[in-house]
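Report on the structure given below.
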Amino acid sequence: VHITTDAGTNIRFRARSWIVDSGKIFCIPHETETHGVIVVDGYARKGPPAQPVKLKVKYGRVTNTGELSEKDEHQQMLKKDFLTDNNASVMGEVGIGTNKNARTNTDVTESGQVRGTCYFGFGMNLNYGGKIESSKQFDLVIRNPTITINDNVLYDKGKMIGL
C-alpha cells in the first residue's frame, strides 16, 4: 500500500488483512514494514491541528517525537501519546474513509470515516489481529490522500475512483 498527499504524506506498508466496517475499510499493517512520512492535516486528538504535524515512520514506529513543537498544543498531546509506553508509537492500523455523509472535525471516529480521508492508528491493535500490545490506541486523520494498493489507485487526491 502506498499513500501520498500534496501536504507531504508519503508512506508505504504491507497490509496483513483488510476489514470492512461501517463507514470505513481498514487494515492491520505488518508492524515493522512501514516506512515514510505522515503529515497529519485532518484531525488529531481535539480537532484539526493548527499546523500540519509531520511524523517520520521507520520500521513501523514514529521516530521524530523529539522534533514535535513545544509550543503547539496538538503536537505536545501527540508526543505524550507516542511516549505512553514502548508500543504507543507503533502504527497498528490504517483506515480509509468511505462514508459520504460523515462530517470532518466532529470527533476522530467520524472524521476518519469521511470519504476522501484516511487515518493512521497507533498503539494497541490486538483486537483486530495485530501484534501490538499497548495501553494506548489513537488515530490521526489526513485529508485528500492518493491511495494505491497493489498498483491500483483507489483514491486520487481524496476522490474515490476504485472502491
side-chain contact (heavy atoms from CB on, under 4.5 Å) between Phe120 and Ile3, worked out:
CA-CA 11 Å; Phe120 299 91; Ile3 300 175; 4.1 Å; yes
Could you walk me through whether Ser134 and Val90 satisfy the side-chain contact (heavy atoms from CB on, under 4.5 Å) test, starting with their C-alpha distance in whole Å, then the side-chain angles of each, then the deciding distance to 0.1 Å, before giving a yes or no? CA-CA 9 Å; Ser134 175; Val90 178; over 6 Å; no
Quiz item: Ile96 and Ile147: side-chain contact (heavy atoms from CB on, under 4.5 Å), yes or no, with the steps?
Solution: CA-CA 9 Å; Ile96 301 169; Ile147 303 171; 3.8 Å; yes
**OP:** Take Thr84 and Phe138 through the test side-chain contact (heavy atoms from CB on, under 4.5 Å) and record every step on the way to the result.
**Re:** CA-CA 11 Å; Thr84 299; Phe138 58 100; over 6 Å; no
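Cluster annotation: Val57 and Val37 are assigned to distinct hydrophobic clusters (Ile/Leu/Val/Met/Phe/Trp/Tyr, side-chain heavy-atom contacts under 4.5 Å, transitive).
Counting only residues at least two apart or on different chains, the salt bridge (charged side-chain N to carboxylate O under 4.0 Å, His left out) pairs with a member in residues 47-57 are Lys56-Glu67. Sorted by first then second residue, the salt bridge (charged side-chain N to carboxylate O under 4.0 Å, His left out) pairs that include residues 10-19, not counting sequence neighbours, are Arg14-Glu33, Arg16-Glu31.
For the pair Gln76 (side chain) and Ser69 (backbone), a donor-acceptor distance under 3.5 Å is present. For Gln75 (side chain) and Leu68 (main-chain N/O), no donor-acceptor pair under 3.5 Å exists by modelled atom type. Put simply, the side chain of Thr98 gets close to the backbone of Lys24: a donor and an acceptor are under 3.5 Å apart. His35 places no side-chain N or O within donor-acceptor distance of the main-chain N or O of Lys58, the cut-off being under 3.5 Å. One N or O on the side chain of Asp85 and one on the backbone of Ala88 form a donor-acceptor pair closer than 3.5 Å. In terms of modelled atom types and a separation under 3.5 Å, the side chain of Asp41 and the main chain of Arg143 share a donor-acceptor contact.
Of the inter-residue distances, the one linking Phe122 atom CZ with Asp81 atom CG reads 10.5 Å to the nearest 0.5 angstrom. Rounded to the nearest 0.5 Å, atoms CD1 (Ile149) and NE2 (His2) are 12.5 Å apart. Atom SG of Cys118 is separated from atom CD1 of Ile25 by 12.0 Å, given to the nearest 0.5 angstrom. Note that the NZ atom of Lys80 and the NZ atom of Lys136 stand 7.5 Å from one another [nearest 0.5 Å].
Listed here is the closest heavy atom pair of Met91 and Phe13: CE-CD2, 4.2 Å. Residue Glu133 comes nearest to Asn87 through the heavy atom pair O-ND2, 2.9 Å, listed as atom of the first residue, atom of the second, then distance. Nearest heavy-atom pair across Pro49 and Val40 is CG-O, 3.5 Å. Closest approach of Val39 and Thr9 over heavy atoms only: N-OG1, 2.8 Å. Considering every non-hydrogen atom in both Lys131 and Asn125, the closest pair reads N-OD1, 3.1 Å. Scanning all heavy atoms of the two residues, the minimum distance from His74 to Asp72 falls at N-OD1, 2.9 Å.
For Asn127, the CG atom sits in a packed shell: over 12 heavy atoms of surrounding residues, nucleotides or ligands are nearer than 6.0 Å.
Residues Leu140 and Ile38 are not in side-chain contact: their nearest non-hydrogen atoms beyond the backbone lie 4.5 Å or more apart. The side-chain heavy atoms of Arg115 and Tyr155, taken from C-beta on, include a pair separated by under 4.5 Å. Annotation: side chain of Thr34 is not in contact with side chain of Val94 (no heavy-atom distance under 4.5 Å). Contact of the Phe26 side chain with the Tyr119 side chain is registered, since non-hydrogen atoms from C-beta on lie closer than 4.5 Å.
Remark: Asn99 engages Asn101, Ala102, Gln113 in a side-chain contact (heavy atoms from CB on, under 4.5 Å) (not counting sequence neighbours). Every residue meeting the side-chain contact (heavy atoms from CB on, under 4.5 Å) condition with Ser17, not counting sequence neighbours, appears here in chain and number order: Ile28. For Lys157, the side-chain contact (heavy atoms from CB on, under 4.5 Å) test picks out Asp6, Thr146, with sequence neighbours left out. Scored by the salt bridge (Lys or Arg N to Asp or Glu O under 4.0 Å) test, Asp139 finds no partners at all (sequence neighbours excluded).
Tested against Leu83 for a side-chain contact (heavy atoms from CB on, under 4.5 Å), the candidates Val62, Leu78, Thr65 yield a single pass: Thr65.
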